[in-house]
Amino acid sequence: MKILVTGGTGFIGSHTVVELQQKGYEVVIIDNLSTSVKEVLYSIEKITGILPEFHEFDLCNEYLTAKFFDNNKDIKGVIHFAAHKAVGESVEKPLKYYRNNLFSLINIMQCMNEHQIKNLVFSSSCTVYGQATELPVTEKTSIQKAFSPYGHTKQISEEIIECSVKSSGIKATLLRYFNPIGAHETALIGELPIGVPNNLVPFITQTAIGKRENLNVFGNDYNTPDGTCIRDYIHVVDLAKAHIIAFERMFNNLSKSDCEIFNIGTGKGYTVLEAIRSFEKVSGKKLNFKFAKRRQGDIEKVWADTTYANNELGWKAEKDIDDMMLSAWKWEVELSNKVKIRHKA
Ligand code: UFG
């Protein structure tokens, strides 16, 4: 069965492609390589033995998107990751985010409509909850005003999908991810930030390997046990697996509505200092960090109630924070070995 994965060379996309291929699905990827590299395809091939079919273009291009769907009438489902996701950049360049994240979704859904492709898994985010007043957040927790244009695009995307399924016959599953980290156990794929990382874990691993001088811990005066922010970190492979389970539930007509929503996290919150401690334990490295002022746009704390995903989807995160940190560290070491080999050659 052929599945389209948009953004399939990105961090979560590539791990999902691996899981799909290992379950026997035929995968076709569309990615414009704006924040990823083509080499990821060969790493996927190394892991699974299959080089996924790849099309490089921008899904905001209506003509190219329509042409792709015209030529690929056997696609049975779409897993849509392709989107910009840097919270800070979205504050500086909001239109870039609204244009990219919304136009691509609209183009895809229009083509799905035209070609009667019924199943869509959408990459949403716990960012839609904003700073929730009650924790943990359930899927019924009310949506607060978004903290960033990026977060707002996820809220609008969810609404676009919810409205469109009513009139179209498309079924959708919205997966609200918490904080995806870690890397594949083979250390062949992982997170590949371009330039200075925005996110905590790549910054930790790049500091430990010597690429960055020190990590700034943004804020130690929050209302949390050690003053640093709390997040629900989830291993990217656990997250990737949730996509396949969600797709199969829809495909087999087991969904309870045409647009289902699931929180995808572990249900456990860790402070930044606890995350650092876990990294230090599994890597054996002492991390150079200092406290800095709060980062604008950060929420204080969020973690998931995953009961609905656990009971309904039959999915549960298996890996703990130490597994996540160790796999992220192995990936960083692997990346630095590759650079050393390139320099020698
Ligand atoms: N942090 C630091 N130093 C850094 C980077 C991050 O202290 O150099 C802290 C942040 O202040 C925050 C925590 O680490 O408390 C996690 O920050 P990330 O940037 O890794 O993740 P965010 O929670 O800000 O954002 C992530 C994704 C978004 C998604 C959001 C949902 O990047 O795409 O989770 O909460 F929307």
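Both ligands and their constituent atoms are indexed starting at 1 by order of listing.
- Distance from atom 19 (O) of ligand 1 to its nearest protein heavy atom, with residue and atom name: Arg295 NH2, 2.9 Å.
- Using a non-hydrogen distance threshold of 4.0 Å, Tyr150 registers as a contact of ligand 1.
- Under the side-chain contact (heavy atoms from CB on, under 4.5 Å) criterion, Leu215 pairs with Leu200, Phe203, Ile204, Thr207, Val217, Ile276, Leu287, Phe289, not counting sequence neighbours.
- The Val217 neighbourhood of ligand 1 comprises atoms 7 (O), with distances under 4.0 Å to a heavy atom of that residue.
- Asp305 and Lys140 are not joined by a salt bridge, as no carboxylate oxygen comes within less than 4.0 angstrom of a charged side-chain nitrogen.
- In this structure, atom 26 (C) of ligand 1 lies nearest to the protein heavy atom Asn179 ND2, 3.6 Å.
- The single protein non-hydrogen atom nearest to atom 20 (O) of ligand 1 is Leu200 N, 2.8 Å, given as residue, atom name and distance.
- Taking a cut-off of under 4.0 Å to the non-hydrogen atoms of Leu215, the atoms of ligand 1 that pass are 3 (N), 4 (C), 8 (O).
- Residue contact check: Ser125 has heavy atoms under 4.0 Å from atoms 29 (C), 31 (C), 36 (F) of ligand 1.
- For ligand 1, the polar-atom distance check against Asn199 finds a nitrogen or oxygen pair separated by under 3.5 Å.
- Within ligand 1, counting atoms from 1 as listed, the ones closer than 4.0 Å to a heavy atom of Asn198 are 5 (C), 19 (O).
- Within ligand 1, counting atoms from 1 as listed, the ones closer than 4.0 Å to a heavy atom of Tyr233 are 13 (C), 16 (C).
- Considering backbone and side-chain atoms alike, Val201 places every N or O at 3.5 Å or more from each N or O of ligand 1.
- In terms of protein heavy-atom proximity, atom 9 (C) of ligand 1 is nearest to Val272 CG2, 3.9 Å.
- Between Leu273 atom CG and Cys229 atom SG the span is 10.5 Å, to the nearest 0.5 Å.
- The protein atom (non-hydrogen) at minimum distance from atom 23 (O) of ligand 1 is Arg231 NE, 2.6 Å.
- Heavy-atom neighbours of Lys301 NZ from other residues, nucleotides or ligands within 6.0 Å: above the threshold of 12.
- Atom NZ of Lys38 has 12 or fewer heavy atoms from other residues, nucleotides or ligands within 6.0 Å.
- A donor-acceptor contact closer than 3.5 angstrom is absent between the side chains of Asp320 and His235.
- With ring centers used as reference points, Phe178 lies 6.0 Å or more from Trp303.
- For residues 236-247, the side-chain hydrogen bond (donor to acceptor under 3.5 Å, both in side chains) pairs, not counting sequence neighbours, are Tyr177-His243.
- Atom SG of Cys126 sits about 10.0 Å away from atom CZ of Arg176, to the nearest 0.5 Å.
- In this structure, the protein non-hydrogen atom closest to atom 11 (O) of ligand 1 is Asp298 OD2, 2.5 Å.
- The contact set between ligand 1 and Cys229, taken as ligand atoms under 4.0 Å from a residue heavy atom, comprises 15 (O).
- Atom numbering of ligand 1 starts at 1 in the shown order; those under 4.0 Å from a heavy atom of Lys85 are 33 (O).
- Ring orientation note: the planes of Tyr97 and His84 are tilted relative to one another, at an angle of 30° to 60°.
- Gln22 contributes atom CD, which lies 10.5 Å from atom CD1 of Ile44 (distance to the nearest 0.5 angstrom).
- For atom 35 (O) of ligand 1, the nearest non-hydrogen atom from the set Ala275, Gly265, Cys126 belongs to Cys126.
- Geometrically, ligand 1 and Phe218 share a nitrogen or oxygen pair separated by less than 3.5 Å.
- Not a single heavy atom of Val302 sits closer than 4.0 Å to an atom of ligand 1.
- The ligand atoms of ligand 1 that sit less than 4.0 angstrom from a heavy atom of Asn216 are 2 (C), 3 (N), 4 (C), 7 (O), 8 (O).
- The main-chain N or O of Ala309 is never found under 3.5 Å from a side-chain atom of Thr306 such that the two would form a donor-acceptor pair.
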